[in-house]
Q: 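What follows is a structure written as structure tokens; I'll ask about it next.
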Amino acid sequence: MQAMAKAQRRDWDVELVQFQQLTDRLDVLRKVTGIQIQEQYNIILRNGWTWGSEYLLRVLQLTIRIFHGPLVKLLEKFWKQKPADMLISVIPHFNREIAESWEKVYPGRPFVTVITDLADFPPRFWIEPVKNQIVIAGTERAVEQARAFGKDDAHVFGVSGMVLRPEFYAESAVDPLAVKRELGLREDLPTAMVLFGGFGSKVMYEIVEKLDAARLPVQLILICGKNEKLAARLKAKQWNIGTRVIGFTKEVHKLMRAADFLIGKPGPGSIAEAMQRGLPVIVECNSWTLPQERYNTEWVTEKRVGVVLKRFEDVVSGVQQMLELAKLAEFKKNVGSQNNRAIFEIMEILEKHLGDNKSAAKPLVEGIRETANVV
């Protein structure tokens with residue numbers, strides 16, 4: 001959103017705030033373990049320790065409620081030091097504390113929550129029963145959930161998808177075959193991108209083992225992110241199928257042009273990026289799937305844009321479906337019908353609320369403050 005505001009030359013002063021750092025001294029789990037909440041979350045994802053994560057999530061939410069008062073006071077102090085015309089949250093769990101503290105310091109100034117999941121996971125996840133919270137939702141399900149919480153037309157806005165970085169919309173003359181050649185891959189083979197977030201996942205190795213043993217006519221682009229140990233392990237083995245291992249990169253949007261489909265966790269970001277690049281997806285849904293991501297798999301099935309497996313142990317059957325030309329064409333057609341213009345729509349919604357608020361805002365500040373979590 002910050003990049004798009006700049007690209008559109010909007011007269012906004014956008015400042016990003018890392019919420020974890022802001023509330024660090026109240027991080028109870030860090031005091032006990034010495035590790036920040038966001039890093040604990042990343043460790044869980046990297047190792048696949050997600051079974052029972054719903055119970056851990058509810059414990060986290062209970063902890064937040066216990067520290068509700070101190071959190072509100074801490075945030076009030078920060079808002080006073082950093083005045084702004086609008087506050088935007090793109091994080092879950094803390095929106096009640098953010099909304100109450102903002103309203104106390106700047107009553108009447110807009111507070112917007114942009115839901116970055118395909119749906120809410122109530123209670124107390126994204127949408128809160130607080131009057132001043134404006135909700136921007138990227139799916140019909142999320143809009144329905146907001147209305148069920150009592151949000152009226154002035155406080156809920158539906159957009160056409162998840163927020164994506166502007167480069168996913170940029171017209172590109174990049175030749176997919178040229179990208180394959182650049183990666184050292186064959187031009188004549190179907191290509192899958194395997195993507196499990198910025199820290200990868202050990203299940204990626206197991207996926208390659210399964211596909212390699214089946215000797216399917218497919219090659220893989222393996223995005224390991226910051227997981228150097230996983231990247232080294234994948235590079236060290238001689239595979240029967242073609243592989244290209246990539247570490248941390250900001251060019252996923254370009255690399256996706258060389259792929260025909262995506263294999264990965266059902267995260268809202270990776271699914272949305274795949275849709276924008278015309279890639280059907282293979283994801284899994286079971287008791288190990290993060291609770292807030294389970295609806296994403298329902299969405300994939302409902303929109304017929306990919307395959308949902310019960311477990312990645314069955315990845316061979318999922319890839320075999322993608323290798324059926326007729327089925328892949330059907331998936332691609334359905335993917336092509338997804339017209340995500342959310343980032344552009346959100347800019348207009350924010351502009352409207354900034355305009356409505358100008359008469360109440362102090363003249364020395366004309367900006368947006370975005371509360372962001374960099375997990």
Q: Can you tell me if Arg304 has over 12 outside heavy atoms packed within less than 6.0 Å of its CZ?
A: no
Q: I'd like to know if Arg147 and Asp153 make a salt bridge, using a cut-off of under 4.0 Å between side-chain N and carboxylate O.
A: yes
Q: Taking the basic N atoms (NZ, or NE/NH1/NH2) and the acidic carboxylate oxygens, is any pair closer than 4.0 Å for Arg141 and Glu298?
A: yes
Q: Is any side-chain heavy atom of Lys180 closer than 4.5 Å to a side-chain heavy atom of Leu189?
A: no
Q: Between Met1 and Val90, is any pair of side-chain heavy atoms under 4.5 Å apart?
A: yes
Q: Do Phe94 and Ser89 come within less than 4.5 Å of each other through their side chains, counting heavy atoms only?
A: no
Q: Using the rule that Ile, Leu, Val, Met, Phe, Trp and Tyr join whenever any side-chain heavy atoms are under 4.5 Å apart, tell me whether Val130 and Phe19 fall into a single cluster.
A: no
Q: So does Glu228 have more than 12 non-hydrogen atoms from other groups sitting under 6.0 Å from CD?
A: no
Q: Report yes if the side chains of Asp260 and Met322 come closer than 4.5 Å at any heavy-atom pair, otherwise no.
A: no
Q: What about Tyr295 and Trp299, are their ring centers closer than 6.0 Å?
A: no
Q: Would you indicate whether the side-chain heavy atoms of Val252 and Ile246 approach each other to under 4.5 Å?
A: no
Q: Between the side chains of Thr113 and Trp126, is a donor N or O closer than 3.5 angstrom to an acceptor N or O?
A: no
Q: Identify whether the distance between the nearest side-chain nitrogen and carboxylate oxygen of Glu313 and Lys210 falls below 4.0 Å.
A: no
Q: I'd like to know if Glu348 pairs up with Arg10 as an ion pair, taking the criterion as any Lys NZ or Arg NE/NH1/NH2 lying under 4.0 Å from an Asp or Glu carboxylate oxygen.
A: yes
Q: Tell me, do Met256 and Leu195 make a side-chain contact under 4.5 Å, heavy atoms counted?
A: yes
Q: Can the positive tip of Lys265 be found less than 6.0 Å from the middle of the six-membered ring of Phe196, inside 45° of the ring normal?
A: no
Q: Should Glu128 and Arg65 count as an ion pair when the cut-off is N to O under 4.0 Å?
A: yes
Q: When rounded to the nearest 0.5 angstrom, what is the spacing between CZ in Arg109 and CH2 in Trp102?
A: 6.0 Å
Q: If the condition is side-chain hydrogen bond (donor to acceptor under 3.5 Å, both in side chains), which residues does Lys151 pass it with, not counting sequence neighbours?
A: Gln133
Q: Phe261 versus Val307: any side-chain heavy-atom pair under 4.5 Å?
A: no
Q: Do Val281 and Met275 have side chains that approach each other closer than 4.5 Å (heavy atoms only, starting at C-beta)?
A: yes
Q: For Gln8, does the CD atom sit with more than 12 other heavy atoms under 6.0 Å from it, leaving out its own atoms?
A: yes
Q: Would you please say whether a donor-acceptor pair under 3.5 Å links the side chains of Gln219 and Thr191?
A: yes
Q: For His353, run the ring-ring contact (aromatic ring centres under 6.0 Å, His included) check against Phe111, Trp12, Phe157 and tell me which one passes.
A: Phe157
Q: Salt-bridged, Arg96 to Glu100, with N to O below 4.0 Å?
A: yes
Q: Determine, step by step, whether Asp120 and Phe149 satisfy the side-chain contact (heavy atoms from CB on, under 4.5 Å) criterion, reporting the C-alpha distance in whole Å, the side-chain angles of both residues, the deciding distance to 0.1 Å, and the verdict.
A: CA-CA 11 Å; Asp120 192 15; Phe149 268 84; 4.3 Å; yes
